[in-house]
Amino acid sequence: MRSILTDIKNIIQQPGNGLMKIIVANGAIFIALMIARVGLLIAGESGLFDAFFAQVSLPSTLDLIIQRPWSLVTYFFLHIEIFHLIFNMMFLYWFGTIIQDFIGNKRLVQLFFYGGLAGAAAFILAMNTVSFFIAKGPNFLNGASAGVFAVVVAAATIRPNYQVHLLLLGPVRIKYIAAFYVLWSFIETTGSNAGGNIAHLGGAILGFIFAKNFLAASKPQAIFEIKIKEFAQVVNQQFQARKEPETVPEDELNAILDKISQSGYDSLSDYEQKRLFKASQKND
């Protein structure tokens with residue numbers, strides 16, 4: 001179990017695109033689980049897979065949680081259904097890319113992990129205090145949905161009017177998409193996957209609090225940061241299309257934008273901020 005936790009910890013600490021590391025980690029773990037599942041099934045030892053999966057899934061009973069504390073983290077890297085994995089990773093990628101340039105890759109990874117832990121807390125609390133859920137009996141939780149919901153709601157809170165194009169519906173603001181899925185999860189808390197939907201709501205609440213704190217901590221800087229990054233993205237696209245000489249070299253501008261993506265606008269030095277501003281003036 002220690003090696004699993006070490007691998008997950010490395011996702012946060014290693015430089016690069018944290019969002020893609022989370023997606024790759026979930027995909028790799030899914031493939032490994034499916035290979036083990038098929039192999040053990042053919043060998044007539046399917047019980048071994050079930051026993052292992054129970055060890056890394058999050059149990060609802062407090063005595064088992066005390067015995068398996070690692071499950072508070074490992075559960076949100078586990079999927080045994082392909083469509084569960086695909087939809088989680090698609091939503092994580094879509095909504096993660098909307099805000100990763102604003103909050104930085106490190107904070108985006110933290111948001112995913114905090115959302116997973118918040119989902120675990122909501123699941124455990126509800127399953128051990130609410131008589132309706134206690135009556136359903138002990139069960140186990142797995143999947144990245146709580147962390148994904150945290151990212152979705154945070155994106156909808158930070159950039160509520162950002163539009164995506166949906167098949168048959170056309171352009172839709174992401175705040176409406178997030179509201180629909182949160183409402184649907186609330187309704188489904190009385191369904192067969194009550195525990196999973198409670199975890200969704202826990203992640204959603206964490207995502208909302210995280211986004212509000214991010215905006216409040218840097219106002220009016222946060223609003224300016226969002227505007228300048230959106231403008232910088234437009235400037236970069238137009239710079240790439242232009243053939244005439246530029247005052248700020250394209251590779252230098254790309255390096256500045258990459259730094260914003262990794263660490264946020266406030267990580268830029270005074271010189272880099274001036275160069276970015278100069279590039280925008282040149283574009284005008």
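When reading the values below, keep in mind they use all heavy atoms of this one structure, side chains included, and skip hydrogens, waters and symmetry mates. Count residues from 1 along the sequence.
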Practice prompt. Report the C-alpha separation of His79 and Ile29 in whole Å, then their side-chain angles, then the decisive distance to 0.1 Å, and conclude whether the side-chain contact (heavy atoms from CB on, under 4.5 Å) test is met.
Written response: CA-CA 8 Å; His79 300 82; Ile29 291 172; over 6 Å; no
Worksheet item: Passes side-chain contact (heavy atoms from CB on, under 4.5 Å), Phe77 versus Phe30? Steps please.
Response: CA-CA 8 Å; Phe77 282 87; Phe30 173 79; over 6 Å; no
Item to complete: Applying side-chain contact (heavy atoms from CB on, under 4.5 Å), run through Ile177 and Leu166 and close with a yes or a no.
Response: CA-CA 10 Å; Ile177 298 175; Leu166 300 181; 4.1 Å; yes
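Here the closest non-hydrogen pair linking Leu117 and Phe76 is N-CE2, 4.0 Å. Taking all atoms of both residues into account, the shortest heavy-atom contact from Ser57 to Pro59 is O-CD, 3.2 Å. Considering every non-hydrogen atom in both Leu19 and Asn105, the closest pair reads N-OD1, 4.4 Å.
The distance from atom CG of Leu40 to atom CG of Asp50, rounded to the nearest 0.5 Å, is 9.5 Å. For the atom pair OG1 of Thr61 and CD1 of Ile134, the computed distance is 12.0 Å after rounding to the nearest 0.5 Å. Taken from CG in Leu48 to CG in Leu41, the straight-line distance is 11.5 Å, to the nearest 0.5 Å. Between Gln100 atom CD and Met20 atom CE the span is 9.5 Å, to the nearest 0.5 Å. Within the model, atoms OG1 of Thr189 and NE2 of His200 stand 11.5 Å from one another, a figure rounded to the nearest 0.5 Å. Taking CZ of Phe123 as the start and CG of Leu72 as the end, the distance is 10.5 Å to the nearest 0.5 Å.
At least one donor-acceptor pair closer than 3.5 Å links the side chain of Tyr75 to the backbone N or O of Gly116. Listed for the Arg159 side chain is a donor-acceptor partner under 3.5 Å among the backbone atoms of Ile98.
Listed by first then second residue, pairs satisfying side-chain hydrogen bond (donor to acceptor under 3.5 Å, both in side chains) with a partner in residues 168-183 read Asn161-Arg173, Asn161-Lys175, not counting sequence neighbours.
When hydrophobic clusters are built by joining Ile, Leu, Val, Met, Phe, Trp and Tyr residues whose side-chain heavy atoms come closer than 4.5 Å, directly or via intermediates, Val24 is not grouped with Val73. A chain of hydrophobic side-chain contacts below 4.5 Å, direct or via other Ile, Leu, Val, Met, Phe, Trp or Tyr residues, connects Tyr93 to Ile82. Leu141 and Leu125 are members of different hydrophobic clusters when ILVMFWY side chains are connected at heavy-atom separations under 4.5 Å. Hydrophobic clustering (side-chain heavy atoms under 4.5 Å, transitive across Ile, Leu, Val, Met, Phe, Trp, Tyr) keeps Val182 apart from Trp184.
When side chains are defined from C-beta on, Gln163 does not count as touching Ile174, because their heavy atoms never get closer than 4.5 Å. Here the side chains of Leu33 and Leu78 are in contact, with some heavy-atom distance below 4.5 Å. Residues Asn193 and Glu188 have side chains not in contact (no heavy-atom distance under 4.5 Å, counting atoms from C-beta outward). Side-chain contact between Phe210 and Ile103 is present, with at least one heavy-atom pair separated by less than 4.5 Å.
Considering only residues two or more places apart in sequence or on other chains, Arg68 meets the side-chain contact (heavy atoms from CB on, under 4.5 Å) condition with Ala54, Gln55, Leu64, Trp70, Ser71, Phe140. The ring-ring contact (aromatic ring centres under 6.0 Å, His included) check on Phe87 picks up nothing, with sequence neighbours excluded. Leu62 pairs by the side-chain contact (heavy atoms from CB on, under 4.5 Å) definition with Ile65, Ile124, Asn128, not counting sequence neighbours. For Trp94, the ring-ring contact (aromatic ring centres under 6.0 Å, His included) test picks out Phe91, with sequence neighbours left out. Residues satisfying the side-chain contact (heavy atoms from CB on, under 4.5 Å) test with Ala122, not counting sequence neighbours, are Ile198. For Phe133, the ring-ring contact (aromatic ring centres under 6.0 Å, His included) criterion is met by no residue, not counting sequence neighbours. Residues passing the side-chain contact (heavy atoms from CB on, under 4.5 Å) test with Ala118, sequence neighbours excluded: Leu206.
Around NZ of Lys136, the count of heavy atoms belonging to other residues, nucleotides or ligands within 6.0 Å exceeds 12. Enclosure of atom CZ in Phe132 by more than 12 non-hydrogen atoms of other residues, nucleotides or ligands within 6.0 angstrom is indicated.
Through direct or relayed side-chain contacts under 4.5 Å between Ile, Leu, Val, Met, Phe, Trp and Tyr, Val38 connects to Ile42. Within the hydrophobic cluster formed by Ile, Leu, Val, Met, Phe, Trp and Tyr side chains joined at under 4.5 Å, directly or through other members, Ile187 is accompanied by Leu183. Annotation for Ile209: hydrophobic cluster partners, listed by chain and number, are Ile205 (ILVMFWY side-chain heavy atoms under 4.5 Å, direct or chained).
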I'd like a table of donor-acceptor pairs (distance under 3.5 Å, sequence neighbours excluded) in which one partner is a side-chain atom from residues 142-156, with atom names and distances.
{"unit_1": "Ser145", "atom_1": "OG", "unit_2": "His84", "atom_2": "NE2", "d": "3.4"}
{"unit_1": "Ser145", "atom_1": "OG", "unit_2": "Asn88", "atom_2": "OD1", "d": "3.1"}
{"unit_1": "Ser145", "atom_1": "OG", "unit_2": "Asn88", "atom_2": "ND2", "d": "3.2"}

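Only one option out of Thr97, Ile22, Leu108, Asn26 pairs with Leu92 in a side chain to side chain contact (heavy atoms under 4.5 Å, CB included); it is Ile22.
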